[in-house]
Structure formats: C-alpha cells, structure tokens
Amino acid sequence: MPVLSPTEVDHQLSSLPAWRVEAGELVRTFSFTDFLGAMRFVNRVAEAAQAAEHHPDIDIRYNKVHLALVTHSDGGLTKKDFDLAAAADKLT
C-alpha cells in the first residue's frame, strides 16, 4: 500500500479531528470511566484490527487507551492506518 504524502495525511486528518500525527504515527488517547471500560474497548479494537489484518500499538493505563498506527511494512502512514482509526472511533 502506498505511503501517503503530507498533503494526503492532512486531508485524512480532517475527518479524524481527535487524532494527530506524532513521530510519524497516527495517535489518539481514549478515556473511559474505568479499567473495565478501557479493556472492553481494547477487545473491540483487537477484533477490528484482526479483521483488517492491521494491528495498532496499544498502551493501556487504567482508564486510558493510547493507540498508535503506522504501516511498518510500507514505511509510513497509509490508508490502512486512517481506516482503522476511523473504525476505532466508532467503537467508543
């Protein structure tokens, strides 16, 4: 899958306002009322990621879940990253 240009990344970000690019990764931190809510979300993200065959880096800190997406095999951000970010937004 082709790596997106900076202009394409900006265009994709316009539809995902809660996400940002940090150190070459598409990132967002989600907050939940408690640990179990965070874990339920992580499990839903895991199912979506497995179906897409595209797996995020996930950091869980009590009620906060930090997702980081990048297509390592292609060396940067691709449409896969933005598609999974949009799917994660719908799971909250």
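Just so you know, residue 1 is the first one in the sequence shown, and it goes up from there. Atoms considered below: every heavy atom in the structure, side chains included; atoms not considered: hydrogens, waters and symmetry mates.
For residues 54-92, there are no ring-ring contact (aromatic ring centres under 6.0 Å, His included) pairs, not counting sequence neighbours. Among residues at least two apart or in separate chains, salt bridge (charged side-chain N to carboxylate O under 4.0 Å, His left out) pairs with a member in residues 19-30 are Arg20-Glu22, Arg28-Asp89.
Applying the side-chain contact (heavy atoms from CB on, under 4.5 Å) criterion to Met1, with sequence neighbours excluded, gives Asp74, Thr78, Lys79, Lys80. Evaluation of the side-chain contact (heavy atoms from CB on, under 4.5 Å) rule for Ser5 yields Thr7, Glu8 as partners, not counting sequence neighbours. In this structure, Asp10 has no salt bridge (Lys or Arg N to Asp or Glu O under 4.0 Å) partners at least two apart in sequence or on a different chain. Judged as a side-chain contact (heavy atoms from CB on, under 4.5 Å), and not counting sequence neighbours, the contacts of Ala38 are Phe32, Val65.
Annotation for Ala88 and Phe41: closest pair O-CE1, 3.5 Å, computed over non-hydrogen atoms. The shortest non-hydrogen separation linking Leu16 to Ala85 is CD1-CB, 3.8 Å. When all heavy atoms of Gly75 and Val3 are compared, the pair lying nearest together is C-CG2, 4.1 Å.
A distance of 11.5 Å separates CG of Asp81 from CG of Leu67, quoted to the nearest 0.5 Å. In this structure, the separation between CZ on Phe35 and CZ on Arg61 is 12.0 Å, given to the nearest 0.5 Å.
Side-chain contact between Leu26 and Val70 is absent, with no heavy atoms from C-beta onward closer than 4.5 Å. A heavy-atom distance below 4.5 Å is not found between the side chains of Leu69 and Leu77.
In the hydrophobic clustering of ILVMFWY residues, with side-chain heavy atoms under 4.5 Å counting as a link, Phe30 and Val27 come out apart.
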